[in-house]
Each structure stands twice: as C-alpha cells, then as structure tokens.
Amino acid sequence: MSIRERLSGNEAVAFAIRQINPDVMPAFPITPSTEIPQYVANYIANGKMDTEFIPVESEHSSMSATVGASAAGARALTATSSCGMALMWEELYVAASNRLPLALALVNRALSGPININCDHSDSMGARDSGWLQIYAENNQEAYDNMLQAFRISEHKDVRLPIMICQDGFITSHAVENIELLEDSVVRSFVGEYEPENYLLNPEQPIAVGPYAVSNYYMETKMGQRTAMNNARQVILDIAKEFEAISGRRYGFFEEYQLADADYAILIIGSAAGTCKDAIDALRAEGKKVGLLKLRVFRPFPAEEIAAALSHCKSIAIMDRCDSFSGNGGPLGAEVSQALYNAHSTALAVNYIYGLGGRDIRVEDFEDIYSRLETIAETGQVTDQYDYIGLRK
Amino acid sequence: MSATDISKITEKSKWQDITPGNQIYAAGTSREFKTGEWRTQTPVWVAEKCKQCLLCVPVCPDSSIPVEHCERQDFDYDHCKGCGICAKVCPFDSITMKEGQ
Amino acid sequence: MSQTVEIRWHGRGGQGAKTAALLLADVAFKTGMHVQGFPEYGPERMGAPITAYNRISDAPIRVHSNIYTPQYVAVVDETLLESVDVTNGLREDGAIIINTTQPKEAILPHLKGYNGRVHTLDAKKISLATLGKYYPNSPMLAAVVAITRVMEQEAFLREMELSFQHKFAKKPEVIHGNMEALKMTFKEVQ
C-alpha cells in the first residue's frame, strides 16, 4: 500500500533517509539543502530513527567523516549544495578511489560567483569526473525513489562506488507537491542491512584503506574504478526492476516522452523536463512530432542507449543547466554529441544552455526551442549551435 | 576476503589483480617491505657505551630500534633507512654513523 | 488538458506569504487535489518582497516554471502595491485579493487599470478581533479559498480544524481563535 502525501523535495529525501535509517550522517548546513539534515536531526531527536548524526564544522569535514564512517563499516551519507560540495572536492575523489559505498543527497545550486542561491547544475556537473555515480530527479517523487535505490546500487559488490542523488534546488527541494510514499517495512526489506565484506572496525580482519599508490599502481587502480562504473549499468537497471516491483514506478537510464516517432527531440536533466512535457502535449495537439529524452543517470553515462533512442530524430537540442566554459558548450552537450558521433548519427544537434543561477524556463521557451529545431531540420542549417536560452540580448 | 598476500601485488600486477581501492586486507604488511637497502649511511650501536636511556627509540621514524625487556636491541637493518636521528639524539655517543650499508 | 488553477502570492519576508501558499497546497491536497506550493527566493531577508505560487489541479502537475499569467493574485501586504507590479500578467477573468485597511476605491488607482475582479480584506481587523495579534496568514488563506473556490468552504474549515488541532496540540486555546478568523473572513471578504 502506498501512502498518498504532499511533501517538498527536501522533506521527501529526509523521509527516505528516515526509512533507510543509515548508521551515520555527518552534515553541515547550506542553502537549499539545509532542511535535509534539519529534518533528519528532528527525526533522530524524536526517536524515529537511530542514525548517529555528527554536526561538523565544514563540508570538508562532513564528507571526511562520511568517508571515515563508510571505511569503518557504516552505511553513511551526507547532504549539501553548491559551494558546500566545492569544499568537499578532495574527499569526493577520495571516496570514489577508495571504493566506498556512501551517498550524497545533493540539492543542485549554482556555484559562486556571482553568489547565488538558486538552481543550476554547475555543482554536480563540475564533479562529473570525480568517479561518483550520479542520478537526477525531475520532481519530489523521483528524488524520493532515487534515494531509496541509492545504497542498493552503491553497495553492490560489483560497484562499490559513492552515489550522488541530485535534485533541483528550490524548484523541487522547496516545492510541495503530491507524492506516493512506501511503507517503512517495504522500504526496510528493499534496502536491507549493509553487510560490508571488509571494514576497519572488523577485529577478525585488519585492513588498510587509502594507501599511497605510486605511478606503478595508479592507472591499474583507475581501471578498477572504470570497471566498477561500467558494472553499475546493469546494477542500476536490476535495482530499478526490483523497485518497480514494490512501487509500481518504472525507472531506467532515462525516460522517453513522446520520443518513439519524434522528429525533433530535446534532451534534458531535472525539473525542467516536466515543463517540457507540457510543451510537448501542446505541440502534439497541433500535430508536431516533438519528443523528450529526460536523462536520469548521468554517471555512468548511457551513451549507446541515448544514441539509439535518438537515432531517428532529425534535430536535437541538448540542454545544459550549466556552462563548461570550454567555449564549445556544456558538459551534457559534449557527451551527447560524442555519443551521437560514435553512433554515426546524422541528426543535427545544438547545445542550449538554460536556467543558470535559477533563471526560469517556461513552457513557451520549450515551444520556441522545438520551433528552432524544426527550422534547423528543414533548412539543414545550424545557426547558434551553442546558445543561451532566456538571455536578455 | 582472505588476507592480502602483498608479495603477490607487485609492480608487474595486472589491473585485475589490484584490490578495489588498493585496500589491503592484512595488518603490519610494511614489515614485508624491506626499506633497509635505501640506506647510504648506517648507524652503529656501541653497546658498551649505551646507558639504555631509550631516547633513540621513539625518535626513529621507521621503528627500527627493537626493544625487549625494556632494553634496546641492535638495529633492524632490514628497515633502517640511515637517517641518523638516533645518532644525533644519543647523549652518550653510543651511536655512530658509518658510510655505506 | 485538465483544469489547473494558478495563484500568485505577494508578501514580505517574514509575513508568511510562503507559509500561506504551502498551507493552501496542504489543505487542497487533503481535499484530494494535485497541488504545487513553492516560493520564489530573492534576497532572504525580513521585509524584502517575496513571491510564492500555487498550482491546484485535478490531474498531476508537471510544469516547474514560475506562474506568469495567474488567475488569482493575493497581496498579503498593501505597501507592496507601490513597489511591486502585482497585477502583472493577471488574467482579466481572474481576481486580485488585497489585504488592506482601506476601502476598495482607494486601492483601485494602484492596480494599473486592471479590469478583473478586485477583492479586499482587512486581515488586521479580523486577526486582532479573533486572535488578539496580527497574523495575516489565516484570514488571507480563507479569503483566497472564498474567492478562488478551489474547494468548498466547509471542507476547508474541516481540514483547517484538523490541521490546527495537530499544529497547536500543545496550546489548544488558540485553535478556536484561528477558526473564528477563517469564518469571519468568509463573511468579511468583499
């Protein structure tokens, strides 16, 4: 029996954390993720869960303590946003290279500067090469569902990599929406107990974690990480299938909306996908063959699957909610373009940057993008291959 | 996981044979790693001058001065790197440094 | 597409416009609707103008943009009329609800020729009469329910009473006053 509720995205993630009841949660507050540790601390104070909450003095410390707890054998997680994640930078790589299965509830927010508290993906996209799994949500429901699946994926013996569960700051984190929750007992049996094979607090088998690895070992270690990331593909799909059995909600690497016969496609991550769906319904009513690929799993990057799903499209807009300042486009633009190129795609692709620092994107903006895609396909000319949407000019 | 045999993890090991995250499932494995050959100077313990004050023991960065029954023993030359700190700290000139191994 | 009611709230940081939007989402949810309640964050400071939004629908809501052409606008603080374009995008077939101590005629010149319905409410009077303190939230919430008709007034009162009983479990003496504020608003809103 699912429970009909209305929660903000932060409340939903905190609720999931209460149900998971991890062993340790160190955290330091930062807008807009502050509510997550705040709600968790409340649950603990009210006896609803028995997680060891560690108030620390910085995000450098919160991730360090999460890494330490995980190495010790605990199921551990933390939460942060933006500059908080930037301060964790060193530990992000430590967590991944030490192959520690831990989680980060990330509420996406623009990085400074200029200082800004609102949503974009510059924080997590900046960490795209840190070796973490990354899963994104369109709404509070997906943030909740992704959080529940996080440890199953991260702790899988073929994976053992840290996982980032991302949602859009304020847009979903602070928006109250309807949601369907699972019962505690269902979640507990789905998530299960964490039984690490090796851990520092095991007196039977002392271990060393994080040894120095010189040039002669470093690349071999990285190949291990790469293989684990690759293994995560099947694990993510398997866990999604199990999750569907308990929730009725289906997840994969991405969601296709009206994509099967679409000539013009938008590829996007996060909350704006919902807005895009409303634009698609309006345009489909006019007979326009428009569709959407909403990417859920960014790490590992499902390149072949994306290229296959877009193989019939005439023109594609790859939408980035951050700029990489490469001078050529955003991170998603680069990776999707590579996927299309390797699949010998003949589609014309553009890379549009939108929503930086919380700049709103409306249904009308998506309608305009589809109209541009139609023109591109008809004329065969790509103008403004790399453009900003919603920019005053 | 059985204890890691670090003698089997070498600079010739393939990536498949490196443990995940380089974790080592064993304790005290640095004993197996003989760093004594790095030495260009060697401390020599002059036992008859030694008062067993033990000042040299804690300053050794490589724990290469074994202690038994509250008395220091001769150097562990398998691991001593010849840094000379023990000789510097000894108040009784009972450690001298000689060139080479 | 299904019918979605879109409401925009204007208030000042600390006055509870965001809370009112979340409360409306809450109570509409309880009557079986699909809801969104969300703030738009500018400077997070007491007294700064803030905007909050509601979408209320009989079908799931997917859109995640702000609301640009609301059917209804609620103004929690009349001093905002000077500095904020509160009728911007407001549909002519909709309505604006303003918390003010002034008569409607005095407000109209500030609405930039808005031709839709204009409703006023003296939330201060109601709040002081029923609660003895000035909390514009509850009266404004009731006024929005009365004008937008997103739910039946009786269902609203029933759900609010349950909500107050939960919220004020440790000080039940304030439940009556809050309920009176809602009921008085239904009579007073013009």
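Keep in mind that this is a model prediction, so the values were computed, not measured. Just so it is clear: chains get the letters A, B, ... in the order the sequence lines come, proteins before strands, and each one is counted from 1.
The number of heavy-atom neighbours closer than 6.0 Å to CD of C:Gln190, taken from other residues, nucleotides and ligands shown, is 12 or below. Heavy atoms of other residues, nucleotides or ligands lying less than 6.0 angstrom from OH of C:Tyr135 number 12 at most. For C:Lys104, the NZ atom sits in a packed shell: over 12 heavy atoms of surrounding residues, nucleotides or ligands are nearer than 6.0 Å. Sparse packing is recorded around CD1 of A:Ile115, with 12 or fewer heavy atoms of other residues, nucleotides or ligands lying under 6.0 Å away. Within a 6.0 Å sphere centred on CD of C:Glu154, heavy atoms belonging to other residues, nucleotides or ligands number 12 at most. Within 6.0 Å of NZ in A:Lys393 there are more than 12 heavy atoms belonging to other residues, nucleotides or ligands. The environment of C:Glu152 atom CD is sparse: at most 12 non-hydrogen atoms of other residues, nucleotides or ligands sit within 6.0 angstrom.
Under the side-chain contact (heavy atoms from CB on, under 4.5 Å) test applied with A:Asn139, the options C:Arg62, C:Gln36, C:His64 reduce to a single match, C:His64.
Residue contact with chain A, scored on non-hydrogen atoms closer than 4.5 Å, involves the side chain of C:Tyr68 exclusively. Within the 4.5 angstrom heavy-atom criterion, atoms from both the backbone and the side chain of C:Asp26 approach chain A. Heavy-atom distances place no part of A:Ser8 under 4.5 Å from chain C, backbone and side chain included. With a threshold of 4.5 angstrom between heavy atoms, A:Ile361 approaches chain C through N, CA, C or O but not through any side-chain atom.
Nearest approach of C:Phe29 to A:Arg4, heavy atoms of both residues: O-NH2, 2.9 Å. Between A:Asp360 and C:Asn66, the shortest heavy-atom contact is OD2-N, 2.7 Å.
To the nearest 0.5 Å, atom OG1 of residue C:Thr69 and atom CD of residue A:Glu364 are 7.5 Å apart.
Put simply, the side chain of A:Asn178 gets close to the backbone of C:Val35: a donor and an acceptor are under 3.5 Å apart.
The shortest side-chain heavy-atom distance between C:His34 and A:Glu177 does not fall under the 4.5 Å cut-off.
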